[in-house]
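The structure appears below as structure tokens.
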2 protein chains.
Amino acid sequence: MPTSTVENYLRRLYLELRGRADPLLPLGRLARAMGVVPGTATAMVKALADAGLVQYEPRGGVGLTARGEQLALHVVRRHRLVELFLVQVLGLDWSVVDAEAEDLEHAVSERVLERIDALLGRPKVDPHGDPIPTSRGQIEEPRRISLADCPPGRSQRIAQVLDQDAAFLSFVQRQGLAPGAIVTVVRRQNAADAVSVRVGQQAPVALGLSAAAKVLVEPASAPRHLTSPRRHSERRDSRSHTLPRKRRPFPAVS
Amino acid sequence: MPTSTVENYLRRLYLELRGRADPLLPLGRLARAMGVVPGTATAMVKALADAGLVQYEPRGGVGLTARGEQLALHVVRRHRLVELFLVQVLGLDWSVVDAEAEDLEHAVSERVLERIDALLGRPKVDPHGDPIPTSRGQIEEPRRISLADCPPGRSQRIAQVLDQDAAFLSFVQRQGLAPGAIVTVVRRQNAADAVSVRVGQQAPVALGLSAAAKVLVEPASAPRHLTSPRRHSERRDSRSHTLPRKRRPFPAVS
DNA sequence: ATTCTTATTTTGATCCATCAAAATACAGTG
DNA sequence: CACTGTATTTTGATGGATCAAAATAAGAAT
């Protein structure tokens with residue numbers, strides 16, 4: 001029965017640790033990511049270490065223990081399933097579901113989560129293309145390349161977007177770069193720190209390398225089903241798409 | 001930004017207050033209902049009074065102010081919409097949704113709640129037949145009679161069940177006494193403190209008066225649409241009903 | 001090596017929600 | 001009216017999560 005604060009620290013830690021070499025995160029990073037002053041993070045991390053959930057090297061940093069990672073993965077699972085649910089069932093916008101799921105992830109019981117998982121058809125990835133851990137806490141992080149270091153000329157499918165910032169996600173969506181989209185890198189302009197990307201028949205879009213690095217792709221020839229979420233609508237002001245007209249999830253009782 | 005504890009106290013207070021004459025609830029009642037020791041309730045109620053949410057008469061009891069009631073009604077709305085959602089969309093059992101909604105009601109944002117409300121078709125009542133307040137905090141509590149004081153012989157429709165206890169609800173459901181069911185009181189046996197109720201063609205069921213008082217009915221001739229929720233399945237072990245086979249709440253994007 | 005800079009930890013305090021147990025008020029009842 | 005039993009309030013303490021600000025450690029720069 002970890003508190004929701006504990007769950008938040010563990011999830012954050014897991015997320016910050018992802019994709020960096022060092023298995024120890026400096027406390028300051030964690031504090032900033034959690035939006036607390038450094039001293040708070042120190043205190044919390046000590047408590048987590050006492051509980052055997054993290055490994056703490058004073059002045060060195062903090063990492064997850066096996067138990068901590070397990071717990072983190074369960075929280076991540078809840079978070080991502082809730083996100084996908086919010087998009088697919090309730091029709092919320094991509095760019096806001098991370099914030100919404102932040103609260104909901106702690107209120108969803110195992111029972112409810114199981115129903116959500118079933119309703120969504122045991123999905124493998126969330127709306128951002130991030131993999132959803134299994135109910136036993138296993139996750140498979142495909143190694144992917146980003147638009148920043150993707151060979152020009154080949155057709156690629158957007159698979160994953162690594163930033164949850166609402167403004168960034170809205171931008172990505174407006175450019176048609178959401179997961180599932182097929183794109184081609186036209187060329188890299190190293191001098192300008194940018195890449196040109198063509199999506200569909202539009203004129204190419206210029207993306208700074210730091211932005212491009214957050215958009216991961218896979219060869220367009222790769223099988224799609226396991227990696228890309230079903231897509232949501234792009235007509236963001238239209239309400240109609242969010243509300244299936246007749247929902248009869250149940251047979252009525254006689 | 002009231003804390004979820006505050007929301008809980010206000011909702012509980014609202015619930016305990018409704019259906020009793022005195023507009024002031026003794027602190028002990030509130031404490032028991034909240035599952036805390038009396039002193040805790042006293043402390044909390046003082047804080048709520050300072051915040052202008054309740055009216056507190058030391059040694060007299062506690063009531064809701066207008067503002068407190070407004071807040072309470074918004075919490076009740078969240079709670080009941082979530083309950084209905086859990087039953088109709090996720091297929092959870094009637095008897096457990098109250099407990100599940102207890103946590104979720106504090107995590108659901110306005111935005112999500114609006115989607116849920118729309119998805120359910122702006123329902124008027126929750127799975128127990130309790131009315132759902134409007135988004136502006138208005139509620140209409142129909143005055144109804146219970147099976148305990150219902151004239152024998154006339155056909156009645158179950159409209160509302162006033163107890164959230166899982167065991168009681170399971171019992172009610174097993175007897176086919178859930179909202180929407182059509183029943184007839186066969187006779188009252190005052191000596192036995194019981195009533196006999198016939199549902200469908202079954203043999204009559206005997207109900208103690210205290211249980212019967214928790215089951216509210218309306219004449220079977222009354223219009224149904226506003227008062228009875230769509231029913232959920234009674235086949236509790238079957239899973240199939242919970243998972244609509246093909247959910248396409250969205251048009252896929254081109 | 002001494003000093004400066006920056007990250008981290010420590011210390012002391014606060015807020016919220018709770019409990020245990022002692023003190024107090026109130027309502028009967030003899 | 002005094003007495004007793006019950007409900008309520010007070011008091012003092014605790015645990016969790018946080019902040020502000022002072023102390024300290026470690027690296028970098030001179």
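Computed from a predicted model, the values in this text were never measured in an experiment. Just so we're on the same page: letters track the sequence lines, and every chain starts at 1.
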request  = Would you kindly give the CZ-to-C1' distance between B:Arg32 and D:dT6, to the nearest whole Å?
outcome  = 12 Å
key: Among D:dA20, D:dA17, C:dT8, the one nearest A:Val37 by side-chain distance   = D:dA20
ask   = Which residue lies toward the 5' end of DNA chain C, B:Ala43 or B:Gly39, if each is placed at its nearest nucleotide?
value = B:Ala43
key: Integer-rounded Å distance: C:dT10 P and A:Leu27 CG   = 10 Å
ask   = Below 4.0 angstrom from OP1 or OP2 of C:dT10, is there any side-chain N or O of A:Lys46?
value = yes
query = When B:Val112 is tested against each of A:Leu90, A:Val97, A:Val96, A:Asp103 for side chain to side chain contact (heavy atoms under 4.5 Å, CB included), which residue passes?
reply = A:Leu90
request  = Indicate whether OP1 or OP2 belonging to C:dT18 is found under 4.0 Å from a side-chain N or O atom of B:Tyr9.
outcome  = yes
task = For the pair B:Arg18 and B:Asp130, find out whether any cationic side-chain nitrogen is under 4.0 Å from an anionic carboxylate oxygen.
result = yes
task = Under 4.0 Å between any heavy atoms, over every strand shown, what does A:Thr5 touch: base, sugar-phosphate, or nothing? Just pick one.
result = sugar-phosphate
ask   = Pick the nucleotide of DNA chain D nearest each of A:Arg59 and A:Val36; which residue has the one closer to the 5' end?
value = A:Val36
note = Taken to the nearest whole Å, CG/A:Leu30 to P/D:dA17 is 14 Å
ask   = Across the strands shown, which category fits B:Thr40 at heavy-atom distances under 4.0 angstrom: base, sugar-phosphate, nothing?
value = base
note = Output for pair (B:Thr5 OG1, B:His106 NE2), nearest 0.5 Å, gives 8.0 Å
ask   = In whole angstroms, how far is the P atom of D:dT9 from the CE atom of B:Met44?
value = 15 Å
query = Expressed in angstrom and rounded to an integer, what is the separation of B:Leu48 atom CG from C:dA17 atom C1'?
reply = 12 Å
ask   = Looking only at side-chain N and O atoms, does B:Tyr56 come under 4.0 Å of OP1 or OP2 in D:dT8?
value = no
key: A:Arg12 CZ to D:dA17 C1', straight-line distance once rounded to whole Å   = 18 Å
message = Distance check needed: C:dT9 P versus A:Arg29 CZ, whole Å only.
response = 15 Å
ask   = Is the shortest side-chain N to carboxylate O distance from A:Arg12 to A:Glu7 below 4.0 Å?
value = no
query = Can you tell me how far CG of B:Leu81 sits from CG of B:Leu104, rounded to the nearest 0.5 angstrom?
reply = 12.5 Å
query = Starting at CE of B:Met34 and ending at C1' of D:dT8, how long is that distance when rounded to a whole Å?
reply = 18 Å
query = B:Thr3 side chain N/O closer than 4.0 Å to the phosphate oxygens (OP1, OP2) of C:dA17?
reply = yes
